[in-house]
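Throughout, a chain's letter reflects where its sequence line sits, starting with A, and its residues are numbered from 1.
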2 protein chains.
Amino acid sequence: MLARSGPPVDVVPVRRDDDTAEVDVLLCDPVGHTVQIEEYLTLVAALTTAPVLVFTWSSSPSSVRRALAAGARGFLSKGASSGDLASAIETVARGGLMSPAASRRARTPKGVAELSAREAEVLDLICAGMSNLEIADQLFVSVNSVKTYVRQIYQKIGVSRRAQAVAWGLAHGF
Amino acid sequence: MLARSGPPVDVVPVRRDDDTAEVDVLLCDPVGHTVQIEEYLTLVAALTTAPVLVFTWSSSPSSVRRALAAGARGFLSKGASSGDLASAIETVARGGLMSPAASRRARTPKGVAELSAREAEVLDLICAGMSNLEIADQLFVSVNSVKTYVRQIYQKIGVSRRAQAVAWGLAHGF
DNA sequence: GCCAGTTTCACCCGAGAGGGTGAGGCATTC
DNA sequence: GAATGCCTCACCCTCTCGGGTGAAACTGGC
C-alpha cells in the first residue's frame, strides 16, 4: 500500500514484546481496545519514544479526542488514502500533530463508503480468515454482535456468503 | 493478468449466445464438460471462425489429446504464466498449433504446485464465491465429491476454513 | 500386472454460518 | 427532548460447511 506513495517509508512490524525496535513513528491500531483506549495507548507509549499515530477504522470524534488526550500524536482513519497516511507519518515524525480534521475529505476508499467503522473493522477480520467467534474474541464482543455486523455488511456490499465477502473485501483494499 | 504481458492483447468476453463477437482467438475453458469435451468443443467451434484455444486447469495428456482431436488449435493449462498465455494466443492467431508440450515447464504458479488440476479448478470456483452445491452443479459431480476436494485443498494449502482459502487463492493468482 | 495418485461418492455428526425477529443503550444532530 | 444511526445482545431456526470414515473406479508410470 505504501509502496506506491510518493515519500519513501520503511515499514517495520513491531510486536508488543519487542522493545528493541527503532522506529520514527509507531503506527497503532487499538482494535478491540476502543473502550479503554487511554489505558491501551499508555501501554503502547511506554514501549517506545517514537510518536504514536493511531491508525484504525473508527474515526468518531470521541475516539479521536480520547486518543489525542491519551498522548497519541496523530489519529488517522484506515479509510484514508495511502498518500494521506504517508504524509501523516511525515507530519508526526516531524513532531507535528495529526488530527483527522485534515484528512476528513479522503474518508474511505471507493466502495467502502457505506460501511460504518465497526463494519469495516469486522470485514477486515473476515478477510483475514477469522471465524465469527474469533472476531468476537478479538473485539471483546458477543458472537451475536458479530453476526449482526456480518449481516449488515453482506447487505451493504451485496453478497450472501463469506467467500464472496472476502473476495469483495480483498478487491477493495482490505 | 494479461495487462502485464508484453504483446498487447485485447480481451473480449464471449458468451454462448453471442454469435456476433469478432475475435482472433477464442479462449475456452470446458470446466464441467471434460467428460464430453469433444461435443462441447464442437459446439464452441460452431460459434466462431476463430481458432479455439482451450485454457483450463486440467492438462492430462488424455484431455489434451481429445481436445486437439476435437479441433482445438491449442491447449494451455491455467497454471501457465501470463507470458505463456500471451504467446500461445499469438501462435494460435498466426495459424499455429499450441500444444502443452511447449509450456510444460511453466506448469503452475508458485504455491499451486501441489494441487491437482481438479483441486485447482475447485479452488478457482471457491474464490469466485460459490457454495459447494453450486460448484457441484457447475462440475456435474456430487456435492460429496466437492467436499472431498475442499478437504484436500485445505490440507494442502494449510487452511481450515473457506475465508482463509479464498484469501490464499486470491493471493496466489486465482 | 502392480502401485500410487486422482476422481468420485456415500454417510455420520458436530460446528459454523446465515437469515430472521426483537430490544436497549449511546452519541450525534436538529 | 426527539429522531436517527450505530453498537450491542439475545434467541430461533435452517442451511452449509468441515472433519471423519470408508470404498470403488480410472489413469499413468514402472
Side-chain angles (χ1 to χ4, degrees), chain A residues 31-35 37 56-66 104 108 113-123 125-126 129-166, chain B residues 31-35 37 56-66 100 104 113-123 125-126 129-166:
Chain A
V31 55
H33 298 284
T34 48
V35 177
I37 195 168
T56 188
W57 278 109
S58 169
S59 54
S60 67
S62 166
S63 298
V64 175
R65 211 167 42 238
R66 291 160 63 208
R104 194 176 284 269
T108 52
E114 307 86 14
L115 292 180
S116 73
R118 196 62 154 176
E119 285 162 351
E121 201 167 18
V122 171
L123 181 56
L125 300 177
I126 286 173
M130 290 166 73
S131 68
N132 289 342
L133 194 58
E134 286 174 345
I135 294 171
D137 287 344
Q138 173 93 314
L139 300 182
F140 301 104
V141 296
S142 154
V143 70
N144 298 300
S145 305
V146 173
K147 286 183 180 178
T148 301
Y149 292 128
V150 170
R151 276 197 293 265
Q152 287 165 355
I153 290 167
Y154 287 4
Q155 282 169 11
K156 288 184 178 180
I157 67 178
V159 303
S160 56
R161 65 178 71 100
R162 217 164 185 88
Q164 292 169 339
V166 173
Chain B
V31 55
H33 298 283
T34 49
V35 177
I37 196 168
T56 189
W57 277 110
S58 168
S59 54
S60 68
S62 163
S63 299
V64 175
R65 209 165 44 235
R66 291 159 63 206
R104 195 175 286 270
E114 307 86 15
L115 292 180
S116 73
R118 196 61 152 176
E119 287 162 351
E121 201 166 19
V122 171
L123 182 55
L125 300 179
I126 286 174
M130 292 169 69
S131 67
N132 290 342
L133 193 58
E134 286 174 345
I135 293 172
D137 286 345
Q138 173 93 313
L139 300 181
F140 299 104
V141 296
S142 154
V143 71
N144 298 301
S145 305
V146 174
K147 286 183 181 178
T148 301
Y149 293 129
V150 171
R151 277 198 291 266
Q152 287 165 354
I153 290 166
Y154 288 4
Q155 281 169 14
K156 287 184 176 179
I157 66 178
V159 302
S160 56
R161 66 178 72 101
R162 220 166 183 88
Q164 292 170 340
V166 174

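Residues Met130(B) and Gln138(B) come closest through the heavy atom pair CE-CB, 4.0 Å. For the residue pair Leu115(B) and Ile157(B), the shortest heavy atom distance occurs at CD2-CG2, 4.3 Å. Between Tyr154(B) and Ala165(B), the shortest heavy-atom distance links the atoms CE1-CB, 3.6 Å. Taking all atoms of both residues into account, the shortest heavy-atom contact from Lys156(B) to Glu119(B) is NZ-OE1, 2.8 Å. Across all their heavy atoms, Ala163(B) and Gly129(A) have their closest contact at CB-CA, 3.8 Å. Leu139(A) and Arg118(A) make their closest contact through O-NH2, 3.7 Å (heavy atoms, listed as atom of the first residue, atom of the second, distance).
As a whole-Å value, the separation of Ile126(B) CD1 from dA17(C) P is 15 Å. One atom, CD of Glu134(B), and another, P of dT16(D), lie 9 Å apart when rounded to the nearest Å. Atom pair Tyr149(B):OH and dT7(C):C1' shows a separation of 4 Å (rounding to whole Å applied). Rounded to whole angstrom, the span from the CZ atom of Phe140(A) across to the P atom of dC7(D) amounts to 18 Å. The CG atom of Leu123(A) sits 17 Å away from the C1' atom of dC7(D) (whole-angstrom rounding). Spacing between atom CD of Gln152(B) and atom C1' of dT7(C) amounts to 9 Å, rounded to whole angstrom units. Distance, Leu133(B) CG to dT14(D) P: 19 Å, rounded to whole Å. Rounding to whole angstrom units, CG of residue Asn144(B) and C1' of dA23(D) are separated by 13 Å.
Under 4.0 angstrom from either OP1 or OP2 of dC6(D) there lies no side-chain N or O belonging to Ser116(A). Within the 4.0 Å cut-off from OP1 or OP2 of dC7(D), not a single side-chain nitrogen or oxygen of Ser145(A) is found. The phosphate of dT16(D) (OP1 or OP2) has no side-chain N or O of Arg161(A) nearer than 4.0 angstrom. For dC17(D), one of the phosphate oxygens OP1 or OP2 lies less than 4.0 angstrom from a side-chain nitrogen or oxygen of Asn132(B). Tyr154(B) has no side-chain polar atom (N or O) that falls below the 4.0 Å cut-off from OP1 or OP2 of dG19(D).
At a threshold of 4.5 Å between non-hydrogen side-chain atoms, the residues Arg151(B) and Thr148(B) count as touching.
Map Glu119(B) and Val143(B) each onto its nearest nucleotide of DNA chain C; the residue landing nearer the 5' end is Glu119(B). Map Ser142(B) and Lys147(B) each onto its nearest nucleotide of DNA chain C; the residue landing nearer the 5' end is Ser142(B).
Here the nucleotide nearest the side chain of Ser160(B), chosen from dC9(C), dT8(D), dG19(D), is dG19(D). The side chain of Val141(B) lies closest to dC9(C), out of dC9(C), dG18(D), dA10(C). The side chain of Lys156(B) lies closest to dT6(C) when the candidates are dT7(C), dG18(C), dT6(C). Among dT8(D), dA17(C), dT7(C), the nucleotide with an atom closest to any side-chain atom of Ser131(A) is dA17(C).
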For a side chain to side chain contact (heavy atoms under 4.5 Å, CB included) check, start with the C-alpha distance between Arg162(B) and Asn132(B), then their side-chain angles and the critical distance, and finish with the verdict. CA-CA 11 Å; Arg162(B) 220 166 183 88; Asn132(B) 290 342; 2.8 Å; yes
Kindly give the atom pairs (protein nitrogen or oxygen, nucleotide nitrogen or oxygen) under 3.5 Å for nucleotides 20-24 of chain C.
from    : atom 1 : to        : atom 2 : distance (Å)
dG20(C) : N7     : Arg151(A) : NH1    : 3.3
dG20(C) : O6     : Arg151(A) : NH1    : 3.3
dG20(C) : O6     : Arg151(A) : NH2    : 3.2
dT21(C) : O4     : Arg151(A) : NH2    : 3.3

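At a threshold of 4.0 angstrom between heavy atoms, the contacts of Val150(A) are confined to the sugar-phosphate backbone, with no base atom among them.
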